Colleague: 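The structure under discussion is supplied below as structure tokens; questions concerning it will follow.
Predicted, not measured: the structure shown is a model, and the values here were computed from it. All chains are named by letter (A, B, ...) in the order of the sequence lines, taking the proteins before the strands, and each is independently numbered beginning at 1.
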2 protein chains.
Amino acid sequence: MTIKRLPSYFRVLDELTKEDVEIVSSTEMGRRTGFSSEQIRKDLAYFGAFGTRGVGYNVSVLRRRIRSILGLDRTLPVALVGAGNLGRALAHYNRNQQQHMRITHIFDINEEIIDRPVAGIQVQDAREMGRIVADTGIKMAIVAVPREAAQKTVDLLAQSGVKAVLNFAPVRVDAPEEVVVKSVDLTSEMQSLAYYCR
Amino acid sequence: MTIKRLPSYFRVLDELTKEDVEIVSSTEMGRRTGFSSEQIRKDLAYFGAFGTRGVGYNVSVLRRRIRSILGLDRTLPVALVGAGNLGRALAHYNRNQQQHMRITHIFDINEEIIDRPVAGIQVQDAREMGRIVADTGIKMAIVAVPREAAQKTVDLLAQSGVKAVLNFAPVRVDAPEEVVVKSVDLTSEMQSLAYYCR
DNA sequence: AATTGTGAAGATCTTCACAGCC
DNA sequence: GGCTGTGAAGATCTTCACAATT
């Protein structure tokens, strides 16, 4: 709900920081994010009132606050499971993007790519994943394995202490209540868009 | 709303077809998709009643009906714009997946990859995109360009007759009312998941 | 004068509950 | 007896409208 929109606000606040803007109104944030100004005020008020009536929001204060709410004030280590086409693309993408979260471990079962580097990270044997993830205390994982392997992968990750999973396998996966799974199914997205192509 | 869920139903119906199941209840569909049975019945009833009371839904009839609603009874040609890491991964992914929609054109502005093949398709010069998309009547496009180029890319696609866009650039893009844009922002997805990692 | 924060109204989406049909 | 189709109730999400504050 609100959490889903915070990253948009965060991105806009980054833009505004680069533009040396110090104060921003909910209306201007709305113009840049596509959400309504009331929505934005409600969202921000939900975590405590950060604005000044008659003035607006202090960009740097609000940015830091959202960063802290999202837990991005410390760089978050991420495990990537599956180094096929999609997994490798995600690894490269992540390397070129962010500082707030970084893929630090990559796992696969394919003998041919184990020990080889992908985006500067050595691929590790997926059979050791449980131990390594638990030992390093990794809390977030990206699953880019074939659909048949997805449920077992998520089971193992959950068991190893992972709290959030971004799943790219086109299948529904169950997880214990304390683990959040967000699925991105590219085939489904495209199929639903096909509806609008007549 | 309903449209978003149809691809899940479609996938389950494919599974059931492979398992030689002829009749399925909304309860069983719910078990497999994670949606409630009432939800599923409402969704299906919205497009006309396909079930038989006391019995269930005929798998092959329902599958064909959903395929037709989504417009996937003819293979849909798709243009991919941007052949960087992500674009190339999407091209390979699409080649290995589906028959219902196929990437038939790839465009980029990088001279070094124009005319080279990606996933068996020759990359074309993005400066010719408008003409080619309009001439071939392509209605769906995947945008995997840098954020700075996203809005102009969508503008050109919309102008060339595209009706649906799957956008991977991490930025809000505006489009005319008759064009549907669905954005998948991997950074945003990960950032909102970070919230659950404490 | 401008802009936030928020209760109330409105819209949308989901679940409940059961009549209707096989 | 079992399952669909659906109006009504409930829940959730969004917008409206305005008092509070600078």
Side-chain angles (χ1 to χ4, degrees), chain A residues 1-10 12-13 16 21-66 69 172 177 180 182-183 188-189 192 195-196, chain B residues 1-10 12-13 16 21-66 69 172 177 180 182-183 188-189 192 195-196:
Chain A
M1 40 204 81
T2 291
I3 297 295
K4 257 188 39 186
R5 287 183 291 262
L6 290 185
S8 296
Y9 304 157
F10 191 46
V12 164
L13 290 165
L16 291 165
V21 176
E22 289 178 10
I23 301 289
V24 66
S25 68
S26 57
T27 309
E28 173 61 14
M29 297 261 295
R31 210 186 52 70
R32 295 192 184 221
T33 59
F35 302 116
S36 74
S37 61
E38 305 92 319
Q39 182 82 89
I40 292 170
R41 293 200 298 278
K42 272 252 156 79
D43 284 346
L44 299 180
Y46 178 78
F47 291 103
F50 313 133
T52 308
R53 294 182 187 217
V55 179
Y57 299 88
N58 178 299
V59 171
S60 103
V61 169
L62 186 57
R63 182 180 176 285
R64 267 198 302 274
R65 195 76 185 79
I66 290 181
I69 292 166
R172 186 173 77 97
E177 202 167 7
V180 178
K182 165 73 190 181
S183 286
S188 284
E189 301 290 1
S192 58
Y195 177 78
Y196 304 100
Chain B
M1 38 206 85
T2 290
I3 297 294
K4 256 189 42 186
R5 288 184 291 263
L6 290 185
S8 295
Y9 305 156
F10 191 47
V12 164
L13 291 165
L16 292 165
V21 177
E22 288 179 10
I23 301 290
V24 66
S25 68
S26 56
T27 310
E28 172 61 14
M29 296 262 295
R31 210 184 54 66
R32 296 191 184 221
T33 58
F35 302 116
S36 74
S37 62
E38 304 92 319
Q39 183 83 88
I40 292 170
R41 293 200 298 278
K42 273 253 157 84
D43 284 346
L44 299 180
Y46 178 77
F47 291 103
F50 313 133
T52 309
R53 294 180 188 216
V55 179
Y57 300 89
N58 179 297
V59 171
S60 103
V61 169
L62 186 57
R63 181 180 176 285
R64 266 199 303 275
R65 195 75 186 81
I66 290 181
I69 291 166
R172 185 172 78 95
E177 202 167 6
V180 177
K182 165 75 188 181
S183 285
S188 285
E189 301 289 359
S192 57
Y195 177 78
Y196 304 100

Colleague: List the residues meeting salt bridge (charged side-chain N to carboxylate O under 4.0 Å, His left out) with A/R31, not counting sequence neighbours, and say none if there are none.
Modeller: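 Once residues adjacent in sequence are excluded, the partners of A/R31 under the salt bridge (charged side-chain N to carboxylate O under 4.0 Å, His left out) criterion are A/E28.
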Colleague: Heavy-atom contacts under 4.0 Å between residues 46-57 of chain A and DNA chain C, which residues?
Modeller: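 Nucleic-acid contacts, sorted: A/A49, A/F50, A/G51, A/T52, A/R53, A/G54, A/V55, A/G56, A/Y57.
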Colleague: Heavy atoms, side chains only, cut-off 4.5 Å: are B/I3 and B/F47 in contact?
Modeller: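 Answer yes - side chains close enough.
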Colleague: Could you state the atom-to-atom distance from NZ of B/K42 to C1' of D/dC3 in whole Å?
Modeller: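 Going from NZ in B/K42 over to C1' in D/dC3 covers 16 Å.
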Colleague: Take the protein atom CD1 of B/I23 and the nucleotide atom P of D/dC3, then report the distance between them rounded to whole Å.
Modeller: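 My rounded result for the distance is 12 Å.
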Colleague: Checking the side chain of A/S36 only, and the main-chain atoms of A/Q39 only, is there a donor and an acceptor separated by less than 3.5 Å?
Modeller: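 A pair under 3.5 Å: yes.
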Colleague: Of the residues in residues 25-36 of chain B, which ones touch DNA chain D at a heavy-atom distance under 4.0 Å?
Modeller: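 Correct list: B/S25, B/S26.
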Colleague: Show the atom names and distances, to 0.1 Å, of all donor-acceptor pairs under 3.5 Å that link a side chain in residues 58-66 of chain B to residues at least two apart or in another chain.
Modeller:
from: B/N58; atom 1: OD1; to: B/S60; atom 2: N; distance (Å): 3.0
from: B/N58; atom 1: OD1; to: B/V61; atom 2: N; distance (Å): 2.9
from: B/R63; atom 1: NE; to: B/D14; atom 2: OD1; distance (Å): 2.4
from: B/R63; atom 1: NH2; to: B/D14; atom 2: OD1; distance (Å): 3.1

Colleague: Output the distance between atom OG (A/S8) and atom CE (A/M29), rounded to the nearest 0.5 Å.
Modeller: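 Between A/S8 OG and A/M29 CE, I get 9.0 Å after rounding to 0.5 Å.
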Colleague: B/Y57 versus B/L44: any side-chain heavy-atom pair under 4.5 Å?
Modeller: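 In contact.
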Colleague: Check B/R32 against A/R172 and note the closest heavy-atom contact, atom names and distance.
Modeller: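 So the two residues come closest at O-NE, 3.6 Å.
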Colleague: Do B/Y195 and A/L6 come within less than 4.5 Å of each other through their side chains, counting heavy atoms only?
Modeller: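 No; the side chains remain at least 4.5 Å from each other.
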Colleague: 5' to 3' on DNA chain C, which nucleotides open and close the contacts with chain B (atom under 4.0 Å from a heavy atom)?
Modeller: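 With heavy atoms of chain B under 4.0 Å away, the range is C/dC13 to C/dC22.
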Colleague: Which residue is it: A/E38, A/R41, A/K42? I am looking for the one with a side-chain hydrogen bond (donor to acceptor under 3.5 Å, both in side chains) to A/S26.
Modeller: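 Answer to the side-chain hydrogen bond (donor to acceptor under 3.5 Å, both in side chains) test with A/S26 among A/E38, A/R41, A/K42: A/R41.
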Colleague: Restricting to salt bridge (charged side-chain N to carboxylate O under 4.0 Å, His left out), what partner residues turn up for B/K182, sequence neighbours left out?
Modeller: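 Salt bridge (charged side-chain N to carboxylate O under 4.0 Å, His left out) check on B/K182 returns A/E189.
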Colleague: For the pair made of CD in B/Q39 and P in D/dT6, what is the distance, rounded to whole Å?
Modeller: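 Whole-Å distance recorded here is 15 Å.
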